[in-house]
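Below, all heavy atoms of this structure are taken into account, side chains as well, without hydrogens, waters or symmetry copies. Atoms within a ligand are numbered from 1 in the order they appear, just like the ligands themselves. Just so it is clear, the model here is predicted, and its values are computed rather than measured.
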Amino acid sequence: MAQIKREQWGSKIGFVLAAAGSAIGLGNIWKFPYIAGQYGGAAFILIYLICTAVIGLPVLMAETLIGRSTQKNPVGAFKKLTNGSKFWQSIGGMGVAAGFIILSYYAVVAGWALGYIYQAASGVFYQFSKPEVAGQYFNGLISDVVWNVGYFIFFMILTMGVVYAGVKNGIERGSKIMMPILFLLLIILVFRGVTLEGASAGIRYFLHPDWSHVTGEAILAAMGQSFFTLSLGMGAMLTYGSYMSKKDNLPSAAVSIVTLDTLIALLAGLAIFTGVFATGLSPNAGPGLIFHTLPVVFTKMPGGYFFSILFFLLLTIAALTSSISLLEVITAYFVDEKGWSRHRAVLFFGGLTTIFGLPSAFSYNLLAKVSFFGLNFFDFVDFVAANILLPVGGFFIAVFVAYFWGFKKALPELKSGAEKLFEKYYWTISVWKILVKYFAPVLIFLVFLNSIGALKLIADIF
Ligand code: TRP
């Protein structure tokens with residue numbers, strides 16, 4: 001078979017925007033605000049920032065580095081660096097499988113966001129007097145098979161379309177268009193939020209440190225969130241890194257990605273809580289905040305009709321730049337390792353993911369009564385992927401770089417394109433080594449134990 005030259009990003013900013021697009025998603029706009037609210041606002045944010053510096057950034061660098069040095073998908077990368085170790089290849093394979101699973105349910109929620117652009121435009125929110133009514137309406141929609149599955153498939157087609165067009169012409173170009181729109185939309189929404197009468201209560205709620213909520217559980221939640229929100233542990237950053245040139249400065253790109261991701265999460269929190277407080281609603285809706293509370297918030301603010309459309313557009317774009325990175329991991333694997341064409345891989349696995357995602361979409365209607373270990377199918381696959389596969393993958397990525405590949409080989413790779421950093425600020429590299437070698441594996445392992453409930457069990461025994 002003729003070797004086709006592997007694609008590369010057209011520019012350094014292309015990589016940064018695509019990777020930031022992967023990182024910035026439902027996790028930033030939907031999850032971060034409500035867990036920050038739950039766990040003590042600024043106190044939680046501070047801990048989250050520390051976790052991001054101590055685990056997020058170092059693991060992001062390690063993962064991207066594996067990709068860039070090998071210029072391969074997760075399986076091929078481990079194969080190349082270990083001379084074909086079956087164990088390490090299976091870690092890469094687990095990442096590809098995780099990508100498949102996450103995409104299958106992530107796209108269901110993304111479909112709801114997409115559907116809500118239309119709902120917002122239809123003006124239906126104005127019939128909602130309070131969040132309970134909006135919540136009922138929302139439950140009605142997701143229990144409608146045609147609505148739920150229809151938007152899910154619609155969203156999958158969008159995702160497949162971008163990945164089908166290629167790394168440079170699809171993912172990079174798409175990110176270069178969508179990311180600036182995302183920033184702009186968010187800035188408009190923050191501006192709307194903070195200029196509302198009564199917004200200061202929301203700012204206070206979000207940014208006032210309440211240390212009484214900061215428990216061990218909050219710290220673990222912060223660690224888990226900083227890991228999830230950076231798309232770590234399943235080879236998405238590895239795959240995006242594999243299209244990066246060795247002339248580019250990897251540590252500085254990683255810092256930009258982390259900064260953008262964090263900034264967006266904070267701005268999303270500001271936009272949401274200023275609106276919630278200014279309209280006198282409760283900030284404690286948890287996961288329901290976006291679909292139950294926000295529609296009512298919009299009906300009560302000047303210009304709400306317009307801003308509600310922008311908000312769900314923002315949410316959809318954020319989800320789309322994440323979902324393409326998930327599909328790209330699977331695609332890269334079949335293109336590199338199995339010799340498939342990109343188009344065939346995208347159509348086949350995009351289609352297969354859609355089929356596998358159906359039970360997640362059915363979890364709110366046809367399969368609402370079916371449970372797996374006490375969870376519906378959607379929550380079950382989310383649990384397996386986010387709480388088991390991702391931390392396990394992240395753990396092994398850190399362990400691999402520190403103990404198997406080794407810094408002796410990894411450092412020259414990291415240095416490529418970052419020569420100045422190595423000369424002037426070598427201490428930052430020394431810190432990175434310590435974090436990857438000791439901190440990241442131990443802390444990720446703790447998050448893992450916590451999320452499978454083992455820590456609670458241990459705590460109960462003592
Ligand atoms: N980071 C994404 C978000 O914040 C979610 C996510 C987790 C993800 N792991 C991923 C996205 C892997 C792409 C690839 O919403």
Side-chain angles (χ1 to χ4, degrees), residues 17-36 48 51-52 55-57 59-60 63-64 67 73-74 92 94-113 155 159 162-163 171 174-175 178-179 182 186 221-242 257-258 260-269 287 290 314-333 353 381-394 397 444 447 451:
L17 287 181
S22 170
I24 297 164
L26 300 171
N28 301 59
I29 297 169
W30 160 72
K31 199 164 181 203
F32 179 79
Y34 84 80
I35 56 172
Y48 168 80
C51 294
T52 302
I55 322 180
L57 179 62
V59 177
L60 174 64
E63 189 177 326
T64 313
N73 66 91
M94 195 179 76
V96 177
F100 179 81
I101 297 175
I102 297 177
L103 179 57
S104 77
Y105 70 87
Y106 198 82
V108 172
V109 182
W112 300 344
F155 185 82
T159 304
V162 178
V163 181
I171 299 175
S175 305
M178 288 189 281
M179 295 309 285
L182 184 147
L186 191 55
M223 286 199 278
Q225 172 67 11
S226 67
F227 196 79
F228 182 81
T229 186
L230 289 172
S231 301
L232 298 176
M234 48 70 65
M237 291 301 177
L238 189 159
T239 305
Y240 273 12
S242 76
I257 295 163
V258 169
L260 286 172
D261 183 73
T262 306
L263 191 71
I264 297 293
L266 292 173
L267 290 176
I290 278 188
L314 166 77
L315 198 59
T316 306
I317 292 178
L320 184 57
T321 53
S322 298
S323 65
I324 56 180
S325 74
L326 291 160
L327 185 56
E328 179 58 27
V329 173
I330 313 168
T331 304
Y333 169 66
T353 318
V381 285
D382 175 35
F383 181 84
V384 170
N387 292 347
I388 300 178
L389 299 180
L390 293 186
V392 170
I397 285 167
I444 295 172
V447 171
S451 55

Inter-residue atom distance Phe100.CZ - Tyr333.OH, 0.5 Å rounding:
13.0 Å
Taking every non-hydrogen atom, the tightest pair across Leu182 and Leu314:
O-CD1, 3.5 Å
Heavy-atom nearest pair, Ala107 first then Phe155, reads CB-CD2, 3.7 Å
Can you tell which of Ser322, Ser231, Ser175, Ser323 makes a side chain to side chain donor-acceptor pair (under 3.5 Å) with Ser22?
Ser231
Counting heavy atoms under 4.0 Å, the part of Lys31 that contacts ligand 1 is neither
Distance-only N or O hit between ligand 1 and Ser322, under 3.5 Å
no
Show which atoms of ligand 1 fall inside a sub-4.0 Å distance from at least one heavy-atom site of Thr229.
1 (N), 4 (O)
Give me the atom names and distance for the closest heavy-atom approach of Thr52 to Ser226.
OG1-CB, 3.3 Å
What about Leu26: any of its N or O atoms under 3.5 Å from an N or O on ligand 1?
yes
Looking at non-hydrogen atoms alone, which of Gly27, Gly25, Ala23, Ala386 comes nearest to atom 1 (N) of ligand 1?
Ala23
Report yes if Tyr106 has an N/O atom closer than 3.5 Å to an N/O atom of ligand 1; otherwise report no.
yes
Proximity of Ser325 to ligand 1 by residue part, where a heavy atom lies under 4.0 Å:
side chain
Pull out every atom of ligand 1 sitting under 4.0 Å from any heavy atom of Ala236, numbered as shown with elements.
14 (C)
Would you give the length of the straight line joining atom CG of Leu186 to atom CG of Leu267, rounded to the nearest 0.5 angstrom?
5.0 Å
Do any nitrogen or oxygen atoms of Phe228 lie less than 3.5 angstrom from nitrogen or oxygen atoms of ligand 1?
yes
Option with minimal heavy-atom separation from atom 8 (C) of ligand 1, where the choices are Gly95, Ala385, Ser231
Ser231
Does a side-chain heavy-atom distance below 4.5 Å link Leu390 with Leu232?
no
When you look for heavy atoms under 4.0 Å from ligand 1, do you find them on the side chain of Leu326, its backbone, both, or neither?
side chain
Minimum-distance pair of heavy atoms, taken over all atoms of Thr239 and Ala332
CG2-CB, 3.7 Å
